[in-house]
Amino acid sequence: MEFLLTFFFVCILAFNSSSAFPIPGKVPFLSFKESFSTIFGDQNLHLLDSNGKSVQISLTKSSGSGFKSRNLYTNAFFSASIKLPANYAAGVVVAFYTSNADVFKTNHDEIDFEFLGNVEGKEWLVQTNFFGNESMQRGREERYKLWFDPTHDFHSYSILWNRNWIIFYVDDVPIRHVRRVDAMGGDFPTKPMSLYATIWDGSDWATDGGKHKINYGFAPFKADFTKFVIHGNGCSADQIQHCQNNAYVPNFVRKFNGLKPNEFSKMKEFRKKHTIYSYCEDKRRYSTALPECTRSRK
Ligand SMILES: *[C@@H]1O[C@H](CO)[C@@H](O)[C@H](O)[C@H]1NC(C)=O
């Protein structure tokens, strides 16, 4: 009996937790209901399983949908496994990002994954970006192709953020690293942020710069999310001051100080094959590269 019980609990543990690259060891997956709340399009948000760890948000002609974490985090590791809308999805934007725009209305920070729709037969593109202290005048976009079809299966998308680094991961591949340099000033995000996921109509700009608009004949467009991980210590918006001043950051995040050589080579290989655009290489837009860029790396 005892053995059976133990076996039972081990199974539950295995089901509810897993390794989340690059976190060492097993991590628990968050319950949607406990950790997140809907921000818009309530009617287009549905739990996908009885224990509430997976959720679907959809875009219909009447509304998109989105949710955010109940707490804000000062430096953390954020991750979810996401499956994007299948078939024709031009103009559909799925965003998975951290932000504090609700709390810091004039000086907000943000770190983004944005999935930019597709025309059937062509791949979805992924964009990453970040802002600090409302640095909206200085976009830091990069765009990439993926090495798989993100509408077929779940893949994990993760952000590691500490005082000096932002790393974007797709599955176990770091696809971008940003090292803070002093000359960036407030452009590097520093204040507590929530984790968000949204789906919305981005016809104006998303797919081929807006050439391909949404066709609601293909609606609803559905994005599925599961395996939520936030490795960090959150606090609620009304404790934000306390949170900022006494932030506890888990060791793994705090001590992170750059990719290991094998991770770095993985990133380099990805970037060589799959990068379509990087603001660092865009000399027309930035005749002088932004301070964290080191040009002519290619
Ligand atoms: C944030 O932006 C404001 C307005 O542009 C600026 O005055 C301030 O110095 C910035 N703060 C930091 C830390 O860079």
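Whatever order the structure lists them in is the order used to number ligands and atoms, beginning at 1.
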Enumerate, atom names and distances included, each donor-acceptor pair closer than 3.5 Å involving a side-chain atom of residues 258-267, sequence neighbours excluded.
| unit_1 | atom_1 | unit_2 | atom_2 | d |
| --- | --- | --- | --- | --- |
| Glu263 | OE1 | Lys260 | N | 2.9 |
| Ser265 | OG | Pro261 | O | 2.7 |
| Lys266 | NZ | Asp172 | O | 3.4 |
| Lys266 | NZ | Asp172 | OD2 | 3.2 |

Disulfide bond (SG atoms under 2.5 Å apart) contacts in which one or both residues fall within residues 179-237, not counting sequence neighbours: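 Non-adjacent pairs meeting disulfide bond (SG atoms under 2.5 Å apart): Cys235-Cys243.
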My understanding is that only residues two or more places apart in sequence, or in another chain, count here; which of them pass side chain to side chain contact (heavy atoms under 4.5 Å, CB included) with Lys227?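 Partners of Lys227 by the side chain to side chain contact (heavy atoms under 4.5 Å, CB included) criterion, ordered by chain and then number, come out as Phe29, Ser81.
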Does the side chain to side chain donor-acceptor pair (under 3.5 Å) test come out yes or no for Asn75 and Asn162, once each step is laid out? CA-CA 5 Å; Asn75 297 156; Asn162 70 16; over 6 Å; no
Parallel under 30°, tilted from 30 to 60°, perpendicular over 60°: which one fits the rings of Tyr73 and Phe78?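 Ring orientation, 0 to 90° scale: perpendicular.
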Taking non-hydrogen atoms within less than 4.0 Å of ligand 1, which protein residues qualify?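 These residues qualify: Asn133, Gly186.
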If only side-chain N and O atoms count, and only distance matters, is there a donor-acceptor pair under 3.5 Å linking Ser79 with Tyr169?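 Short answer, no.
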